[in-house]
Amino acid sequence: MNFYSMNIAGCERKLPICPVDETLSIGAFVIIGDSELSNACAVALLKLAPEYDYLLTAEAKGMPLVHDIARLHGDKKYFVAR
């Protein structure tokens, strides 16, 4: 299997290369189950984010990231859209 090496928020990851069609392949980025990466991304995003009233994510891959952002920011609640 081929991999694409990438530094994401200070974390080195090897993304597996997945074909989309005959001419296009992508590096598969999965944050679910990678608590180190989720936390590092949350720290980096909080440095860039403006003040907000609520956090909202789709019930999908964004959930661990929004959970970490809320935890780091001290938010007691965030919202998940189904």
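Scanning all heavy atoms of the two residues, the minimum distance from Asn39 to Arg71 falls at OD1-NH2, 2.6 Å. Cys11 and Leu37 get closest at one heavy-atom pair: CB-CD1, 3.9 Å. Taking each heavy atom of Asp68 and Ser35 in turn, the nearest pair found is OD2-O, 4.3 Å. The two residues Met1 and Pro16 come nearest to each other via the heavy atoms SD-CB, 3.6 Å. Across Ala70 and Tyr78, no two heavy atoms sit closer than the pair CB-CD2, 3.7 Å. Across every non-hydrogen atom of Ala9 and Ala44, the tightest pair is CB-CB, 4.2 Å.
By the criterion of side-chain heavy atoms lying less than 4.5 angstrom apart, applied directly or through intervening Ile, Leu, Val, Met, Phe, Trp or Tyr residues, Val80 is grouped together with Leu72 in one hydrophobic cluster. Met6 and Phe3 are assigned to two separate hydrophobic clusters, defined by single-linkage of ILVMFWY side chains at heavy-atom distances under 4.5 Å. Note on Ile17 and Ile8: same hydrophobic cluster, where clusters join Ile, Leu, Val, Met, Phe, Trp and Tyr whose side-chain heavy atoms are under 4.5 Å apart, directly or indirectly.
Qualifying side chain to side chain contact (heavy atoms under 4.5 Å, CB included) partners for Leu48, counting only residues two or more places apart in sequence or in other chains: none.
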> Given the rule in the side-chain contact (heavy atoms from CB on, under 4.5 Å) test, do Arg13 and Asp34 qualify, once you have shown the distances and angles that lead to the verdict?
Replying inline: CA-CA 10 Å; Arg13 294 295 182 267; Asp34 192 337; 2.7 Å; yes
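For the pair Leu15 and Val30, the minimum side-chain heavy-atom distance is 4.5 Å or more. By the 4.5 Å heavy-atom criterion applied to side chains, Tyr4 and Lys14 are not counted as neighbours.
Atoms OG1 and NE2, from Thr57 and His67 in turn, are 12.5 Å apart once rounded to the nearest 0.5 Å. Distance check: Leu45 CG to Leu65 CG gives 5.5 Å after rounding to the nearest 0.5 Å.
A donor-acceptor pair under 3.5 Å links the side-chain atoms of Asp21 to the main chain of Thr23, judged by distance alone. Ser38 contributes no side-chain N or O that, together with a main-chain N or O of Ile31, makes up a donor-acceptor pair within less than 3.5 Å.
Each ring pair (Phe, Tyr, Trp, His ring centres under 6.0 Å) pair with one or both residues in residues 10-52, not counting sequence neighbours, appears once here: Tyr52-His73.
As a member of the Ile/Leu/Val/Met/Phe/Trp/Tyr network built from side-chain separations under 4.5 Å, Tyr54 groups with Leu56, Phe79.
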